[in-house]
Number of protein chains: 2
Amino acid sequence: MKRKSTKKIILEKALEHFSKQGYAGASIRQIARSVGIRESAIYNHFESKEEIFLALLYQFKSQTISKEILNDELLDQLSNPENFLKVFTRRLIDFWNTPQERKFIRVLLMEQFTKIGSSEISISEYLTDLRSICKLIFGEMSKNGIIKKFDTVVLADEFAAFLFLLRSEKISGDEKLPITKIYDLAEMHVDFFWNSVKA
Amino acid sequence: MKRKSTKKIILEKALEHFSKQGYAGASIRQIARSVGIRESAIYNHFESKEEIFLALLYQFKSQTISKEILNDELLDQLSNPENFLKVFTRRLIDFWNTPQERKFIRVLLMEQFTKIGSSEISISEYLTDLRSICKLIFGEMSKNGIIKKFDTVVLADEFAAFLFLLRSEKISGDEKLPITKIYDLAEMHVDFFWNSVKA
DNA sequence: TATTAGAATGAACACTCGTTCATAAACTAA
DNA sequence: TTAGTTTATGAACGAGTGTTCATTCTAATA
């Protein structure tokens with residue numbers, strides 16, 4: 001078994017440090033020590049600290065909810081909309097609960113306002129994915145008379161805001177809630193939401 | 001008119017830098033230059049950089065929603081619950097939209113996961129204020145049969161999550177939405193919410 | 001086995017960091 | 001005015017920052 005390339009380990013450890021101390025707070029030397037090499041060796045793989053950061057951003061930008069979660073199997077369940085929402089939400093949580101995603105959202109929340117961040121990332125951009133999918137879903141449901149008539153943009157945000165708070169606070173936060181608790185909270189939200197919008 | 005004390009100006013400028021670059025990214029020298037003094041003079045007023053940060057935290061910890069927003073005049077409007085929620089939300093937004101609060105929430109979002117932050121602050125703690133007030137409000141409404149029976153904890157979060165997202169993204173974010181737009185978004189949320197819970 | 005490209009090293013660079021300290025200036029109270 | 005206190009200064013500190021570079025090691029290719 002070939003072991004992971006140094007470049008990947010650097011990215012891995014960099015994400016770990018960035019997620020704990022922020023971009024400015026983490027140092028090349030700390031990252032290098034975690035990888036098990038000297039700091040100068042880092043520059044055989046990346047041109048600068050910023051390039052490491054941007055490489056991480058790029059890595060996560062390429063993972064979209066639609067790619068990772070929405071598939072035919074799930075879409076087949078659209079005939080039972082409430083169940084569809086529950087399965088969709090559960091998969092969302094599983095996806096967000098992966099170690100990488102947990103760290104990434106922390107970096108995002110920390111760096112969204114800084115110079116290095118604001119030019120390249122924006123929290124809206126990363127939310128857009130979930131939002132646009134919600135708009136699609138609820139737009140379709142609305143058209144088919146499954147749910148009441150609403151502004152789909154508002155609907156999408158009403159559904160997504162709670163989940164986003166759940167993500168940043170409960171999933172990626174420091175208080176380690178068991179995953180079942182998080183499932184429960186999400187399900188209660190879907191219940192509340194569905195009860196509000198169903199035709 | 002006596003001019004502001006140096007100590008207050010230091011806090012003011014420190015908040016500004018922290019909100020733009022984070023705690024680790026902002027330096028004593030930058031802050032000192034903004035104040036118009038040398039960095040060594042800072043230490044006549046604060047023992048360390050960390051003490052400045054903690055002083056800022058303390059300052060904002062003492063401002064609670066209940067103190068700043070909830071007063072008798074507002075509570076008198078509880079007879080018209082929907083209107084009460086709208087006025088309450090509008091005041092919340094006005095409060096969150098003050099320059100100081102806009103900067104503070106940024107610092108909070110940035111530092112919530114860092115070492116210096118996590119030992120002293122937590123995003124939950126600062127949300128608790130709004131949450132507990134919501135629980136109180138909705139608990140009372142539920143008891144009086146004004147709204148349907150719900151788990152008040154869930155209700156509180158359903159109401160607060162959207163507003164929190166509005167705050168971090170639209171009010172304190174970099175895209176400068178006109179305040180009227182924000183009012184509109186909030187009112188649409190209250191409409192949706194009220195429509196879902198009213199008896 | 002000899003050659004070569006990629007990766008790691010350790011020392012060094014110029015800089016910035018937070019903090020300290022003796023000293024000087026500015027303000028207050030007697 | 002004088003004495004005393006607070007505040008500001010500028011230089012210095014040790015440590016840490018990101019980055020460079022000549023050199024050595026390693027592993028695959030010829």
Side-chain angles (χ1 to χ4, degrees), chain A residues 1-58 107 110-111 113-121, chain B residues 1-58 107 110-111 113-121:
Chain A
M1 188 179 78
K2 209 174 120 192
R3 74 168 200 280
K4 273 189 221 174
S5 79
T6 306
K7 188 159 187 170
K8 273 189 186 158
I9 303 179
I10 292 174
L11 284 175
E12 194 180 298
K13 299 297 184 185
L15 177 61
E16 203 157 315
H17 281 90
F18 289 159
S19 74
K20 281 179 189 160
Q21 309 161 259
Y23 176 79
S27 81
I28 294 284
R29 278 173 180 81
Q30 286 175 338
I31 296 169
R33 192 170 335 125
S34 293
V35 176
I37 55 177
R38 295 290 97 79
E39 64 270 18
S40 49
I42 297 254
Y43 292 87
N44 284 323
H45 305 275
F46 295 96
E47 279 201 337
S48 63
K49 186 185 181 185
E50 183 168 353
E51 205 197 71
I52 299 178
F53 184 77
L54 294 179
L56 282 171
L57 281 193
Y58 184 79
V107 175
M110 284 193 277
E111 299 303 329
F113 300 125
T114 63
K115 194 86 77 31
I116 182 164
S118 65
S119 59
E120 294 288 340
I121 69 173
Chain B
M1 189 178 81
K2 208 173 124 194
R3 75 167 198 280
K4 273 189 220 174
S5 79
T6 304
K7 188 161 188 171
K8 273 189 186 157
I9 303 179
I10 292 173
L11 284 175
E12 194 180 297
K13 299 296 182 184
L15 178 60
E16 204 157 314
H17 281 90
F18 289 158
S19 73
K20 281 179 189 160
Q21 309 161 258
Y23 177 80
S27 80
I28 294 284
R29 280 174 178 80
Q30 286 174 339
I31 296 168
R33 191 170 336 124
S34 294
V35 176
I37 56 178
R38 295 289 98 80
E39 66 269 17
S40 49
I42 297 255
Y43 293 86
N44 285 323
H45 305 276
F46 295 96
E47 280 199 337
S48 64
K49 187 186 182 185
E50 184 168 354
E51 205 196 73
I52 299 177
F53 184 77
L54 295 179
L56 282 171
L57 281 192
Y58 184 80
V107 176
M110 285 193 277
E111 300 303 329
F113 300 124
T114 63
K115 195 84 79 26
I116 181 164
S118 64
S119 59
E120 294 288 341
I121 70 173

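Chain identifiers are assigned alphabetically (A, B, ...) following the order of the sequence lines, protein sequences preceding nucleic acid strands; residue numbering begins at 1 within each chain.
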Checklist entry - When the distance from CZ of A:Phe46 to C1' of C:dA7 is rounded to whole Å, what number comes out? => result 14 Å
Checklist entry - Counting only side-chain N and O atoms of A:Ser48, is one of them less than 4.0 Å from OP1 or OP2 of D:dG18? => result no
Checklist entry - Is there a donor-acceptor pair under 3.5 Å between the side chain of B:Tyr23 and the backbone N or O of B:Glu50? => result yes
Next on the checklist: With a 3.5 Å distance limit and no angle check, can you tell me whether A:Lys13 reaches the backbone of A:Gly36 through a side-chain donor-acceptor pair?
Outcome noted: no
Checklist entry - To the nearest 0.5 Å, what is the distance between CD (B:Glu12) and OG (B:Ser34)? => result 10.0 Å
Checklist entry - Hey, is the main chain of B:His17 close enough, under 3.5 Å, to the side chain of B:Gln30 for a donor-acceptor pair? => result no
Checklist entry - Which atom pair, heavy atoms only, marks the closest approach of A:Ser19 to B:Phe113? => result O-CB, 4.1 Å
Item to check | Counterpart residues, salt bridge (charged side-chain N to carboxylate O under 4.0 Å, His left out), relative to B:Arg29 (two or more places apart) | outcome: B:Glu39
Next on the checklist: Please give me the minimum heavy-atom distance between B:Ile52 and B:Leu11, naming the atom from each residue.
Outcome noted: O-CD2, 3.9 Å
Checklist entry - Which parts of residues 31-45 of chain A get close to DNA chain D, meaning a heavy atom less than 4.0 angstrom away? => result A:Glu39, A:Ser40, A:Tyr43
Checklist entry - To the nearest Å, how far apart are A:Glu47 CD and D:dT20 C1'? => result 13 Å
Could you write out each protein N or O paired with an N or O of nucleotides 15-17 of chain D at a distance under 3.5 Å?
{"from": "D:dT17", "atom 1": "OP1", "to": "A:Ser27", "atom 2": "OG", "distance (Å)": "3.3"}

Checklist entry - Below 4.5 Å, heavy atoms only, C-beta onward: do A:Val107 and A:Leu56 meet side chain to side chain? => result no
